[in-house]
Amino acid sequence: MTTAAGQQGRTGGGERATGTPADGPASDRVRVRRLPDRGRYDRHLIASILDEGFVCHLGFSSGGTTWVLPMAYGRHGADLYLHGATGNHALRTLRDGAEATVAVTLIDGLVLAKAAFHHSVNYRSVMLLGPAHAVVAPEEKRLALEVVVSHIVPGRTADARPPTDPELRAVTVLRMAIDEASAKVRTGGPVDDAEDRTLPIWSGVIPLTPHAGVPMGDEWAMGIEPPAYARAYRRPG
Ligand SMILES: Cc1cc2nc3c(=O)[nH]c(=O)nc-3n(C[C@H](O)[C@H](O)[C@H](O)COP(=O)(O)OP(=O)(O)OC[C@H]3O[C@@H](n4cnc5c(N)ncnc54)[C@H](O)[C@@H]3O)c2cc1C
């Protein structure tokens with residue numbers, strides 16, 4: 001299981017914002033209130049959690065409804081990139097600086113307490129708040145798409161055919177600054193009430209880690225060896 005301490009210090013290229021474990025929240029609205037000792041604001045830890053994940057849940061408001069969509073993302077320094085079709089509801093809503101919330105969750109283990117009430121999950125999660133902006137410059141759009149692909153499969157960008165200009169035009173890319181963000185981390189075993197600790201019920205942690213299977217080439221990959229990054233695929237962390 002990866003601990004919060006093990007996550008400190010890992011950052012991607014082009015880092016803009018830096019910080020220390022003692023960093024406080026960037027604003028009051030990203031201050032973790034419930035179990036505040038689990039709140040972390042260190043930019044390196046936040047970056048490492050974002051790097052280990054690649055699916056976020058994107059929250060935004062439109063037409064009187066609060067929406068939450070799962071989306072892939074990529075991190076480049078202190079920017080997070082999201083992309084999708086130009087007609088995408090979320091991206092159209094957010095493209096001019098509207099407020100968004102991004103949540104990324106890594107599950108490290110299932111925590112089985114003796115009491116049902118005290119069951120929990122070991123996790124590292126990040127919430128990022130702030131305005132999103134459409135990326136207009138074709139060079140940055142191209143970079144952002146490379147970032148998303150290599151965030152998910154490091155090494156793939158060098159092999160894959162780059163996007164054509166019409167493909168670039170068919171995509172909206174959003175950038176969010178990773179400024180107003182918090183992490184929350186739970187580690188360790190169950191916390192049972194003292195009077196329950198001697199109950200004859202198994203308690204402990206079931207570690208969970210993502211597992212990549214053996215790559216399966218499609219019909220057009222006959223005779224082509226899977227590349228090393230596919231054969232040895234694993235998430236960072
Ligand atoms: C896998 C998983 C399962 C969870 N299950 C439950 C559950 O079943 N019930 C439950 O009550 N809570 C659960 N939580 C915790 C939940 O995410 C919230 O942290 C908590 O419910 C409320 O915290 P709060 O009152 O401080 O939030 P708020 O006051 O709403 O949040 C204030 C600020 O704290 C920060 N923050 C809050 N939560 C997180 C987070 N998880 N990660 C990063 N930053 C955060 C944000 O910046 C937010 O803007 C779970 C978390 C995870 C990752």
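Every number for a ligand or one of its atoms is a count from 1 in the order of the listing.
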Heavy-atom protein contact below 4.0 Å for atom 44 (N) of ligand 1: yes
Exercise check, heavy-atom protein proximity under 4.0 Å to atom 11 (O) of ligand 1: no
Thr105, portion touching ligand 1 at heavy-atom distance under 4.0 Å: side chain
Asp51 side chain near His151 side chain, heavy-atom distance below 4.5 Å: yes
Atom 24 (P) of ligand 1 touched by protein heavy atom at under 4.0 Å: yes
Atom 2 (C) of ligand 1 - nearest protein heavy atom and its distance: Tyr123 CD2, 4.1 Å
Among Ala183, Ser125, Ser182, Ser27, closest by any non-hydrogen atom to atom 47 (O) of ligand 1: Ser182
Main-chain N/O of Val32 paired with Lys184 side-chain donor or acceptor, under 3.5 Å: no
Atoms in ligand 1 flagged as close to Arg34, the criterion being non-hydrogen separation under 4.0 Å: 22 (C), 23 (O), 24 (P), 25 (O), 26 (O)
Numbered atoms and elements of ligand 1 in range of Ile107, under 4.0 angstrom, heavy atoms: 1 (C)
Distance flag for atom 8 (O) of ligand 1, protein heavy atom under 4.0 Å: no
Closer than 4.0 Å: a protein non-hydrogen atom to atom 39 (C) of ligand 1: yes
Shortest protein contact, atom 16 (C) of ligand 1 (heavy atom only): Lys184 NZ, 4.5 Å
For His83 against Val173, the heavy-atom pair lying closest together: CB-CG2, 4.1 Å
Nearest-contact summary for atom 29 (O) of ligand 1 - protein heavy atom, Å: Arg33 CD, 3.7 Å
Expected output: side-chain Arg38 to main-chain Arg186 donor-acceptor under 3.5 Å: no
Atom 32 (C) of ligand 1 within contact range, any protein heavy atom under 4.0 Å: yes
Charged N-O contact under 4.0 Å between Asp28 and Arg33: yes
Where ligand 1 meets Arg29 - atom numbers and elements under 4.0 angstrom, heavy-atom basis: 32 (C), 33 (C), 47 (O), 48 (C), 49 (O)
Arg34, CZ atom: more than 12 neighbouring heavy atoms under 6.0 Å: no
Over 12 non-hydrogen atoms of neighbours within 6.0 angstrom of CD in Glu195: yes
Closest approach of any protein heavy atom to atom 37 (C) of ligand 1, naming residue and atom: Met127 SD, 3.9 Å
Verify atom 14 (N) of ligand 1: protein non-hydrogen atom under 4.0 angstrom away: no
Side chain proximity check, Tyr73 to Val104, heavy atoms < 4.5 angstrom: yes
Thr172 side chain near Arg92 side chain, heavy-atom distance below 4.5 Å: no
Closest heavy-atom pair and its distance - Ser182, Tyr41: CB-CE2, 3.7 Å
Side-chain H-bond candidate by donor/acceptor type, Ser27 with Glu180, under 3.5 Å: yes
Those atoms of ligand 1 less than 4.0 Å from some heavy atom in Arg31: 32 (C), 33 (C), 34 (O)
Under-4.0 Å heavy-atom contact between protein and atom 53 (C) of ligand 1: yes
